[in-house]
**Q** 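Got a structure for you, written out below as C-alpha cells; questions coming shortly.
Note that these values count all heavy atoms, side chains included, but never hydrogens, waters or copies made by symmetry.
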Amino acid sequence: MSGFRSDFLRILAERGFIHQCTDPEALDALAASDRLVGYVGFDCTADSLHVGNLLSIMMLRWLQRTGHRPIALVGGGTTKVGDPSGKDESRRLLSEAEIARNKKGILHSLEKFLDFGGGGALLVDNADWLDRLLYIPFLREVGRHFTVNRMLTFESVRQRLEREQPLTFLEFNYMVMQAYDFLELNRRLGCRLQMGGSDQWGNIVCGIELARRADGSQLFGLTCPLLTTASGAKMGKTAQGAVWLNENRLPPFDYWQFWRNTEDADVGRFLRLFTELPLAEIARLERLQGAEINEAKKVLAFEATRLAHGEEVAKKAAAAARSLFEGGRASIEALPEIVVPRDRLAEGVPVIELFTLAGLVKSRGEARRLIRGGGARLDDRRITDEHLVVGEADFDSGHLKLSAGRKRHVLVRAA
RNA sequence: GGAGGGGUGGCCGAGUGGCUAAAGGCAGCAGACUGUAAAUCUGCCGGCGCAAGCCUACGUAGGUUCGAAUCCUACCCCCUCCA
C-alpha cells in the first residue's frame with residue numbers, strides 16, 4: 001500500500017491513518033495531479049470536538065498541508081436527525097439554539113488545526129441544503145437511487161433490527177442524508193473525497209454510489225481505524241468523560257497530561273498519528289526503552305498540545321508539569337485555577353469545600369474520603385484533618401495549590 | 001390473541017418481608033511499588049453530616065404491613081415460546 005505517488009496518500013499510509021479506501025490507485029492519481037477537495041463530517045452534538053475526532057481532523061490537516069482543500073462539514077441538518085451508527089439507542093434531538101452554539105464551538109476546535117483563510121479550508125453546514133429540501137422532489141431525485149433491500153444490509157441498521165430495538169424512520173434516513181451531503185458537496189465545490197472513522201464506511205460508500213447513479217461521477221472514500229489504547233480501552237475517554245479539544249471544556253494542562261500518560265505500547269503509534277514529527281525522529285523516540293520512553297511521551301504531549309492549543313500554551317503546560325513532577329521552581333501558572341474572593345477567605349473556607357469548588361471531587365463526601373485515604377494535599381503537604389479550614393493567612397503568596405493524588409492539581413487564587 | 005420469564009446502583013449481576021445503601025465482578029478514585037507507563041497489592045466507591053442520624057434509590061403509580069427491592073393491584077417497557 002505504500003507505493004503511493006501522491007504526498008497525501010503516501011503520508012497517510014506511512015503514518016497509519018488508512019483503514020479502508022475505495023479505488024486507491026485512482027484516488028492516488030487524482031491527488032498526484034490535481035488539487036483535491038475532501039471533507040469530513042462532524043456531528044453537532046457538543047460545543048467542542050474531542051480526541052475521538054482527532055484522527056479525522058489530522059487527515060484534513062494533512063490534506064491541506066499537501067496542497068489540497070479540506071472541508072469540514074458540520075451536521076447542523078443531520079444533527080436534527082441523529083446517526084444510528086453504533087448507537088444502540090436513539091440520540092436525543094437538539095434544539096436550533098443548541099445546534100448554533102455547538103457549531104461555534106466546533107469551529108473553534110477546528111481553527112487550531114486548519115487554515116480557514118481565503119481559498120483554504122472551508123466550513124460548511126449541511127442545514128444549508130437539507131433544510132430546504134422538498135419531500136417529493138427529493139424522493140424523485142435521490143430516493144429512487146436507494147433500495148431498501150440494500151439499506152437493510154448496513155451494519156448500523158442490521159444491529160438495531162437484530163436486537164429488535166426500534167429504529168425510527170427518521171434515523172433510517174440518516175444515511176440517505178449523509179449520502180446526499182456528499183453529492184451536494186461534489187456539485188457545489190467539486191469535492192471528490194470523504195473521510196471519516198471506520199464506522200462511517202457504510203455511509204460514505206452510500207454517497208459514492210449515489211453520485212455515480214445520479215451524476216455519473218466517481219467519488220472516493222477513505223476511513224481511518226477505530227482507535228483503542230493498547231489495553232483495549234476506547235481512545236479519548238477518561239473518567240471525566242471525553243478529552244475535549246476546547247480549553248473551556250478541558251484545561252490545556254489536563255490535555256497535556258492526557259498525552260503524557262499514554263501507555264508505553266501506544267507511544268510510537270500516537271506520535272505518528274497525532275504529531276507531525278518526521279518519521280525518522282519518531283522511530284528514534286520509539287526505540288527508547290524503560291524510563292527513557294518518558295522523554296518520548298513528553299514530546300508527544302508537547303506536540304499534541306501545540307497543535308490543539310498553540311506553542312505558548314504547550315510550553316506552559318510542559319513547564320507546569322516539570323515543576324510539579326520533577327521538582328524545580330514553581331512554574332504553576334498553567335495549572336487550572338479557580339478564584340475565591342478575599343472576603344470569603346477572611347471568614348475561612350473548609351478545605352472540603354475548596355476541593356469541591358475546584359472540581360477535584362464531585363461531592364463533599366468524596367472530598368472527605370479523599371482526605372481519609374491520604375490523597376489530598378495543600379501546597380504539597382498531605383491533609384490529615386478533614387475539618388481543616390483555610391483562611392487568608394494561607395494565601396501569603398496569593399495562591400494555594402490543591403492536589404488530589406499525584407496528578408490532579410488546581411490552583412486557588414485569592415481575589 | 002394465548003402461555004411463561006424479566007425490568008436492581010455508571011455497566012454486568014446476586015438478592016424473594018427486618019441482619020439491605022443492597023453480595024460479587026467490571027469501570028472509577030486514592031494509597032503502596034514504579035518511570036506521571038503497564039502489571040500487582042491495599043483502601044474507598046449514593047447525598048448531607050464530626051457523629052448519631054437523616055434523606056434519596058431496586059420500571060411507574062397506588063396498596064398490605066410495626067417494617068417492602070422483596071407481598072398485592074393497576075399501568076409501562078423488554079425477552080422467550082405458541083397462534
**Q** Of all residues at least two apart in sequence or in a different chain, which pass the salt bridge (Lys or Arg N to Asp or Glu O under 4.0 Å) check with A:Arg260?
**A**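 Here no residue qualifies.
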**Q** When the C1' atoms of B:U8 and B:A22 are compared, how many Å lie between them, rounded to an integer?
**A** 9 Å
**Q** Check the distance between B:A37's C1' and A:Trp259's CH2 and give it to me in whole angstrom.
**A** 15 Å
**Q** Let me know the distance between CG of A:Asp385 and P of B:A51, rounded to the nearest Å.
**A**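 After rounding, the gap between these two atoms is 12 Å.
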**Q** Taking only residues two or more places apart in sequence, or in another chain, which ones meet A:Val390 in a side chain to side chain contact (heavy atoms under 4.5 Å, CB included)?
**A**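 For A:Val390 the side chain to side chain contact (heavy atoms under 4.5 Å, CB included) partners, ignoring immediate neighbours, are A:Val351, A:Leu354, A:Leu378, A:Asp394, A:Phe395, A:Leu400.
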**Q** For B:C48, what is the paired nucleotide under Watson-Crick or G-U wobble rules, both distances under 3.5 Å?
**A** B:G53
**Q** Indicate for each nucleotide in nucleotides 40-50 of chain B, in 5' to 3' sequence, whether protein heavy atoms under 4.0 Å reach the base (B), only the sugar-phosphate (S), or nothing (-).
**A** ----SS-SSBS
**Q** Specify the residues of residues 275-288 of chain A, ordered by number, for which at least one heavy atom lies under 4.0 angstrom from an atom of RNA chain B.
**A** none
**Q** With a 3.5 Å limit on both atom pairs, tell me what B:G31 is paired to, counting Watson-Crick and G-U wobble, or say none.
**A**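 When the pairing criteria are applied, B:C41 turns out to be the nucleotide that pairs with B:G31.
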**Q** Whether the A:Asp47 and A:Asn102 side chains hold a donor-acceptor pair (N or O, under 3.5 Å, no angle test) is what I'd like checked.
**A** no
**Q** Base, sugar-phosphate or nothing for A:Glu292? Non-hydrogen atoms, less than 4.0 Å.
**A**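 Contact class for A:Glu292: none.
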**Q** Would you please name every residue forming a ring pair (Phe, Tyr, Trp, His ring centres under 6.0 Å) with A:His145, sequence neighbours left out?
**A**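 With sequence neighbours excluded, A:His145 shows a ring pair (Phe, Tyr, Trp, His ring centres under 6.0 Å) to no residue whatsoever.
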**Q** Of all residues at least two apart in sequence or in a different chain, which pass the salt bridge (Lys or Arg N to Asp or Glu O under 4.0 Å) check with A:Glu292?
**A** none
**Q** Please determine, for B:U80, whether a Watson-Crick or G-U wobble partner exists with both distances under 3.5 Å, and give it or none.
**A**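 Paired with B:U80, as far as the under-3.5 Å criterion goes, is B:A3.
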**Q** Just jot down the side chain to side chain contact (heavy atoms under 4.5 Å, CB included) partners of A:Ala72, sequence neighbours excluded, or say none.
**A** A:Phe42, A:Leu60, A:Leu110, A:Leu123
**Q** Nearest whole angstrom, please: distance from the C1' of B:A37 to the CG of A:Asp266.
**A** 10 Å
**Q** How far, in whole Å, is B:G24 from B:G43 if one measures between their P atoms?
**A** 12 Å
**Q** Using side-chain contact (heavy atoms from CB on, under 4.5 Å), reason through A:Trp129 and A:Tyr180 one step at a time and then give a plain yes or no.
**A** CA-CA 10 Å; A:Trp129 51 85; A:Tyr180 182 71; 3.6 Å; yes
**Q** Restricting to side chain to side chain contact (heavy atoms under 4.5 Å, CB included), what partner residues turn up for A:Ser363, sequence neighbours left out?
**A** A:Glu366
**Q** Taking atom C1' in both B:C45 and B:G9, compute the distance separating them and give it to the nearest angstrom.
**A**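 So the two C1' atoms sit 11 Å from each other.
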**Q** Please give the distance between the C1' atoms of B:C72 and B:C81 as a whole number of Å.
**A** 28 Å
**Q** Looking only at side-chain atoms of A:Asn294, point me to the closest of B:C29, B:G31, B:G35.
**A**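 Closest nucleotide to the A:Asn294 side chain: B:G35.
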**Q** What integer number of Å spans the P atoms of B:G49 and B:A69?
**A**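 Straight-line distance between the two P atoms is 25 Å.
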**Q** Please measure how far the C1' atom in B:C55 lies from the corresponding atom in B:G7, and state the result in whole Å.
**A** 25 Å
**Q** Give the rounded distance in Å between these two atoms: CZ of A:Phe355 and P of B:A30.
**A**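 In whole Å, B:A30 P and A:Phe355 CZ are 11 Å from each other.
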**Q** Any strand counts, and the cut-off is 3.5 Å on both contacts for Watson-Crick or G-U wobble. Which nucleotide pairs with B:C58?
**A**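 When the pairing criteria are applied, nothing turns out to pair with B:C58, so the answer is none.
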**Q** Please give the distance between the C1' atoms of B:G67 and B:G17 as a whole number of Å.
**A**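 The answer is 8 Å between these two C1' atoms.
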**Q** Aromatic rings A:Tyr255 and A:His309: how do their planes relate, parallel, tilted or perpendicular, breaks at 30° and 60°?
**A**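 A:Tyr255 and A:His309: perpendicular rings.
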**Q** Would you indicate which nucleotide in B:A30, B:A37, B:G31 comes nearest to any side-chain atom of A:Arg406?
**A**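 Within the option list, the nearest is B:G31.
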**Q** Take the protein atom CG of A:Asn261 and the nucleotide atom C1' of B:G35, then report the distance between them rounded to whole Å.
**A** 11 Å
**Q** Of A:Ala376 and A:Lys407, whose closest RNA chain B nucleotide lies nearer the 5' terminus?
**A**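 Mapping each residue to its closest nucleotide by heavy atoms, the 5'-most match is A:Ala376.
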**Q** Determine the Euclidean distance between corresponding P atoms of B:G5 and B:A74; express it in Å to zero decimal places.
**A** 16 Å
**Q** Excluding sequence neighbours, so at least two apart, what forms ring pair (Phe, Tyr, Trp, His ring centres under 6.0 Å) with A:Phe355?
**A**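 With neighbours one apart ignored, the set is empty.
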**Q** Distance check needed: B:A37 P versus A:Glu263 CD, whole Å only.
**A**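 Between P of B:A37 and CD of A:Glu263: 11 Å.
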**Q** Just name whichever nucleotide pairs with B:U64, Watson-Crick or G-U, keeping both distances under 3.5 Å, else none.
**A** none
**Q** So does A:Arg140 have more than 12 non-hydrogen atoms from other groups sitting under 6.0 Å from CZ?
**A**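 It does not: A:Arg140 CZ has 12 such atoms or fewer within range.
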**Q** Determine: side-chain N/O of A:Arg408 to OP1/OP2 of B:A30, distance under 4.0 Å, yes or no.
**A**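 Answer yes for this pair, as a side-chain N or O of A:Arg408 is under 4.0 Å from OP1 or OP2.
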**Q** Taking the nucleotide of RNA chain B with the nearest heavy atom to each, does A:Ile293 or A:Arg377 sit closer to the 5' end?
**A** A:Arg377
